[in-house]
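The model shown is predicted, which means the values in this text are computed figures rather than measured ones. Residue numbers start from 1 in every chain, and the chains themselves are labelled A, B, ... in the order their sequence lines are given, proteins ahead of strands.
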Amino acid sequence: MAISKTYNPKEVEEKWYANWQQKGFFRSKPNPKKEPYTVVIPPPNVTGVLHMGHMLNNTIQDILVRRARMQGKEACWVPGTDHASIATEARVVAMLKEKGINKADISREEFLTHAWEWKEKYGGIILEQLKKLGASCDWDRTRFTMEESLTEAVLQVFVDLYRKGNIYRGIRMVNWDPAGKTALSDEEVIHKQVNSKLYHINYQIAGEEGNYLTVATTRPETILGDTAICINPNDARYQHLKGKQALVPLINRPIPIIFDEYVDMEFGTGCLKVTPAHDLNDYELGQRHNLPSIDILNDDGTLNSKAQLYVGEDRFIVRKKIAKELEANGQLVKTEDITNNVGFSERTDAVIEPKLSMQWFLRMEKLRDPALSSVMEDQIKLHPPKFKNMYRSWMDNIRDWCISRQLWWGQRIPAYYLPDGSFVVAHNLEEALALAKEQTGNTDLTTADLRQDEDVLDTWFSSWLWPISVFDGFKDPDNADIQYYYPTNDLVTAPEILFFWVARMIMAGLEYRKEVPFKNVYLTGIVRDKLGRKMSKSLGNSPDPLNLIEQYGADGVRTGMLFSSPAGNDLLFDEKLCEQGRNFSNKIWNAYRLIKGWEVNEDLENPNELAIKWFDSKFNAAFEQIEDHFSKFRMSDALMAVYKLVWDDFCSYYLEMIKPAYQSPIDKKTLDATIAFLESILKLLHPFMPFITEEIWQDIKERSDKDYLIIAKWPKADVVDTILLERMEKAMDIVGGIRNVRNSKNIPQTKALSLAIKTQEHSILKPFEALIQKLANITGITYVEENQEGSINFVIGGSEFFIPMEGTVDLEAEKDRLIKELEYTKGFLASVDKKLSNERFVNGAPAQVLEKEWQKKADAEAKIKALEQSIAAFD
RNA sequence: GGGGUGUUAGCUCAGCUGGUUCAGAGCACCUGCCUUACAAGCAGGGGGUCACUGGUUCGAAUCCAGUACGCCCCA
């Protein structure tokens with residue numbers, strides 16, 4: 001039989017994924033006999049392609065889901081995508097542009113037709129990619145935030161919250177994205193330190209030719225929108241300007257000089273130009289001092305007619321031009337280089353323009369309180385818990401949520417304006433008309449008189465309903481799915497969206513189901529490159545995930561990602577991790593190859609009872625640990641524990657212990673036990689490495705049609721014989737001692753040695769003789785009373801071990817080695833004695849600790865005695 | 001500037017309420033091995049003043065305070 005020496009993931013992965021799907025193992029429906037286990041996917045953007053963050057995130061979800069499925073729960077992982085209004089709209093606009101179509105020239109309906117076409121064509125890519133990773137989602141349940149049912153949910157919630165008085169319309173300073181031509185929420189703005197110039201500009205004092213004050217600004221183009229100069233009332237330098245006016249350069253518009261403690265006397269010149277329409281702080285200042293706001297910018301970032309100058313030109317071009325012009329007429333005093341914080345659009349990377357505009361807002365205070373306490377009181381647990389503090393501080397400082405976006409791709413706000421400028425909010429046009437008639441008393445109104453709001457809702461306004469809407473919990477609040485699957489169990493997501501997604505889902509869940517939407521939130525880190533830089537397209541430092549899967553196999557990549565990603569910590573990704581994952585696959589593969597290759601001889605006795613007993617205990621001990629890691633969401637640690645169990649305990653020790661000589665048959669009992677162990681191991685490995693494990697599971701023996709690892713029963717905790725584990729450890733220490741001697745003396749493993757033991761623990765060691773002989777290639781073990789001449793010896797515990805050497809042994813070197821060890825042990829004993837002679841320690845320490853100290857003392861004394869005897873034998 | 005969080009081996013991290021040989025793991029590194037499951041491997045090994053300073057304690061990587069540096073969030 002020819003099984004390849006290395007594991008080839010490719011066909012295996014395609015084969016089993018198709019098979020699992022065809023058998024319907026991913027599908028879930030409510031089953032009252034089983035405990036539900038539900039996960040909703042953080043919906044990736046429809047525009048998205050799989051990146052390393054998705055890989056990590058979805059691997060973790062898949063591990064949780066597969067384990068739950070094997071634990072006999074009704075596991076349901078709901079996949080889907082969100083419509084990502086800004087990103088998608090930008091993508092569609094760009095696509096149309098390439099075709100020579102300008103968005104401004106087509107109607108909303110035409111645009112949406114194009115957008116839907118685009119979505120149908122490209123929107124599913126990311127989900128297809130997830131399949132390559134092995135994600136065991138219930139694909140029949142795939143949802144999309146803009147599909148009909150989810151849209152209905154959004155509108156229903158909007159109307160409901162409006163009627164409860166939680167949604168209002170207001171003029172606010174918003175973050176305006178001039179490239180996307182829409183308002184953004186605070187969370188969609190990324191602040192970066194950039195190098196800028198600080199322009200010092202002279203403003204003439206009105207009526208005082210030749211008298212100037214100087215302001216410092218990074219944005220000279222906004223002077224055209226200035227409506228005041230502000231000075232700190234405590235600033236001695238400028239007291240003479242009280243009650244005067246200044247002239248805006250170039251246009252000579254007079255503006256008042258006002259005084260307010262807001263101004264930082266240290267910054268710039270201490271004179272602040274106030275542009276209420278284009279800066280949040282200036283806006284608030286303007287409110288306090290009743291200043292007018294002059295909005296000089298168009299939505300696309302060009303200047304409008306109110307600026308008077310440079311109309312139609314872009315703000316950054318104007319900045320340069322205006323600086324030149326000011327310089328030419330002598331009003332530019334100087335420029336200096338500074339670094340300052342500038343906001344950029346998360347989606348388009350355009351510089352954000354603070355802008356006054358009419359927007360829709362959702363009031364947060366009422367929704368906030370229960371959502372805050374559900375986390376603080378651990379109804380929802382964050383993993384790792386350090387995020388609790390962050391959550392609280394954000395919730396404490398929460399501000400109203402700007403939910404309108406000036407886009408077409410999204411759910412259109414269900415507000416309908418009447419000819420008189422008032423509006424109604426309704427689920428649909430008919431209802432709006434009825435309301436309008438009622439509100440105005442005008443029964444002649446027709447639908448033609450109503451004009452629906454042009455804006456759409458923020459994408460998060462759909463996503464925050466996700467755990468409910470994917471089960472149609474708004475349309476049909478009592479349906480079987482929502483009753484069974486909600487609340488979901490675990491949510492796996494990134495900390496950067498803890499607030500604007502996770503927190504809002506909690507609010508929506510509590511508001512609409514009176515129940516938290518999930519019980520645990522596992523926060524993954526950010527995947528960075530090995531230099532610690534965030535992976536990004538522009539840096540080109542992100543590997544192509546599908547390419548990685550191609551190279552290392554999905555199992556290899558999954559384990560690679562997990563090897564180094566404790567919850568909440570960033571993952572410094574290095575392809576070497578995937579290599580390690582692939583190597584692990586190969587190790588498993590070869591263990592299987594070894595076992596598969598054995599022939600049984602039914603007549604043979606089982607010589608491996610001890611080894612089998614030992615591994616059984618070892619497995620159970622490891623299993624206990626692994627379960628503990630899982631219960632704390634320590635996935636990396638769980639994987640590492642499995643890794644060591646497989647590699648060290650199963651392969652390096654157990655298989656070596658039971659392995660028959662080359663081409664010799666094995667007895668039936670050992671083989672059966674070994675296959676059973678392999679199966680148990682495969683179970684523990686399956687959530688991490690679904691493909692290779694299913695392949696081996698199916699191949700190691702005949703299976704029935706329904707016998708698949710993916711649905712096999714997760715192991716149960718069983719008895720651990722700790723005494724046996726301890727004794728085996730001691731026996732393996734002896735093996736280690738012998739191997740050490742071989743290494744230091746350059747004796748190859750193939751050369752058999754003999755061993756003499758001087759010990760009080762004869763009866764304990766005796767049962768392990770065969771194992772020691774096999775693993776250390778020892779031909780015979782004898783027990784002796786006297787030290788052995790011409791041997792190399794070592795001490796473990798209170799026992800001495802002698803390996804007779806051919807030829808001469810370097811006596812001096814051996815003696816020195818032993819003396820060193822003796823010294824160390826004596827030092828150790830001294831420290832223990834010191835503790836034990838300390839009255840306060842003896843009185844203060846718990847009995848357990850004391851007992852251990854006495855044990856240490858006894859062990860050290862025994863070892864010292866043995867060492868001293870060995871050393872004495874040299875003389 | 002405010003808040004959070006962290007600093008343990010070359011790298012990534014464990015180390016729970018102070019007390020086992022507690023200074024650990026994986027990777028990397030070094031040495032020797034192509035020993036018929038696996039060189040994508042086997043066997044062995046070296047490596048850290050637990051950021052710094054002080055305090056509490058019989059006892060501190062662990063608790064407290066301060067300092068330095070880093071990261072995150074907010075302004």
Original post:
In whole angstrom, what separates A:Tyr391's OH from B:G3's P?
Top reply: 22 Å
Subject >> Phosphate contact (B:C33 OP1 or OP2) by A:Thr750 side-chain N/O below 4.0 Å >> reply: no
Original post:
Can you find a side chain N or O atom of A:Arg634 that sits less than 4.0 Å from OP1 or OP2 on B:G15?
Top reply: yes
**OP:** Please state whether the phosphate of B:U5, meaning OP1 or OP2, lies under 4.0 angstrom from any side-chain nitrogen or oxygen of A:Asn389.
**Re:** yes
**OP:** Could you list the residues that satisfy side chain to side chain contact (heavy atoms under 4.5 Å, CB included) with A:Glu729, not counting sequence neighbours?
**Re:** none
Original post:
When you compare B:G10 with B:A51, how far apart are their P atoms, in angstrom units rounded to a whole number?
Top reply: 13 Å
Original post:
Quantified in whole Å, what is the P atom distance between nucleotide B:C63 and nucleotide B:A14?
Top reply: 14 Å
Side-chain polar contacts of residues 730-741 of chain A - donor-acceptor pairs under 3.5 angstrom, sequence neighbours left out - could you list them?
unit_1: A:Lys730; atom_1: NZ; unit_2: A:Glu761; atom_2: OE1; d: 3.3
unit_1: A:Lys730; atom_1: NZ; unit_2: A:Glu761; atom_2: OE2; d: 3.4
unit_1: A:Arg739; atom_1: NH2; unit_2: A:Leu775; atom_2: O; d: 3.3

**OP:** May I ask you to evaluate whether A:Lys587 reaches the phosphate of B:C42, defined as a side-chain N or O under 4.0 Å from OP1 or OP2?
**Re:** yes
Original post:
Which whole number of Å gives the distance between the C1' atom of B:U12 and that of B:G3?
Top reply: 28 Å
Original post:
Looking only at N and O atoms, is any donor in the side chain of A:Lys5 or the base of B:C38 less than 3.5 Å from an acceptor on the other one?
Top reply: no
Original post:
A:Glu579 has an atom CD; how far is it from atom C1' of B:U12, in whole Å?
Top reply: 16 Å
Original post:
With both distances under 3.5 Å as the test, what is the Watson-Crick or G-U wobble partner of B:C63?
Top reply: B:G55
**OP:** Could you measure between the two P atoms, the one in B:G46 and the one in B:G4, and give it in whole Å?
**Re:** 43 Å
**OP:** Verify, without hydrogens or angle tests, whether A:Thr218 (side chain) and A:Leu198 (backbone) share a donor-acceptor contact under 3.5 angstrom.
**Re:** no
**OP:** Assess whether one donor atom and one acceptor atom, taken from the side chain of A:Glu656 and the base of B:A37, lie less than 3.5 Å apart.
**Re:** yes
**OP:** Please report, rounded to the nearest Å, how far the P atom of B:G3 is from the NZ atom of A:Lys388.
**Re:** 21 Å
Subject >> Nucleotide forming a Watson-Crick or wobble pair with B:C42, both distances under 3.5 Å >> reply: B:G32
Subject >> Any donor-acceptor N/O pair under 3.5 Å between B:A43 base and A:Arg739 side chain >> reply: no
Original post:
If we take the P atom in both B:U5 and B:G44, what is their distance in whole Å?
Top reply: 43 Å
Subject >> Rounded distance in Å between the P positions of B:C13 and B:U36 >> reply: 40 Å
Subject >> Ionic contact status for A:Glu656 with A:Lys659, cut-off 4.0 Å >> reply: yes
Original post:
OP1, OP2 of B:G45 versus side-chain N and O of A:Asn740: anything below 4.0 Å?
Top reply: yes
Original post:
CE of A:Met561 versus P of B:G26: gap in Å, rounded?
Top reply: 21 Å
**OP:** Test A:His383 against every option in A:Phe633, A:Tyr522, A:Phe630 by the ring-ring contact (aromatic ring centres under 6.0 Å, His included) rule and name the one that passes.
**Re:** A:Phe633
Original post:
Given that A:Leu655 and A:Glu496 both sit by RNA chain B, which one's nearest nucleotide is further toward the 5' end?
Top reply: A:Leu655
Subject >> From A:Phe677, A:Tyr643, A:Phe615, residue fulfilling ring-ring contact (aromatic ring centres under 6.0 Å, His included) relative to A:Phe650 >> reply: A:Phe615
**OP:** Could you state the atom-to-atom distance from CE of A:Met376 to P of B:G4 in whole Å?
**Re:** 12 Å
Subject >> Phosphate-side-chain proximity, A:Asn583 and B:G41, N/O vs OP1/OP2 below 4.0 Å >> reply: yes
**OP:** Please tell me which of the listed nucleotides, B:A37, B:A25, B:A43, lies nearest to the side chain of A:Asn743?
**Re:** B:A43
Original post:
OP1 or OP2 of B:A40 less than 4.0 angstrom from a side-chain nitrogen or oxygen of A:Trp647, does that happen here?
Top reply: no
Subject >> Separation of atom CD1 in A:Ile526 from atom P in B:C72, rounded to whole Å >> reply: 8 Å
Subject >> Pair A:Tyr552, A:Ser585: side-chain N/O donor-acceptor within cut-off below 3.5 Å >> reply: no
Original post:
In terms of the nearest nucleotide of RNA chain B, which residue is placed more toward the 5' end: A:Ser652 or A:Asn590?
Top reply: A:Asn590
Subject >> Euclidean distance, atom CZ of residue A:Arg399 to atom P of B:A75 [Å, nearest integer] >> reply: 5 Å
Subject >> Span that lies between the C1' atom of B:G66 and that of B:C11, in whole angstrom >> reply: 31 Å
Original post:
Using purine N1 to pyrimidine N3 plus N6-O4 or O6-N4 for Watson-Crick, or N1-O2 and O6-N3 for G-U wobble, both under 3.5 Å, which nucleotide pairs with B:G26?
Top reply: B:C11
Original post:
Roughly how far, to the nearest 0.5 Å, is the NZ atom of A:Lys632 from the NZ atom of A:Lys381?
Top reply: 12.5 Å
Original post:
Between A:Tyr643 (OH) and B:C38 (P), how many Å, whole number?
Top reply: 18 Å
**OP:** Look at all strands and tell whether A:Lys659 reaches a base, only sugar-phosphate, or nothing, counting heavy atoms closer than 4.0 Å.
**Re:** base
Subject >> Interatomic distance at C1', B:A75 relative to B:C64, whole Å >> reply: 31 Å
Subject >> Watson-Crick or G-U counterpart of B:G70, or none if no pair lies under 3.5 Å >> reply: B:U5
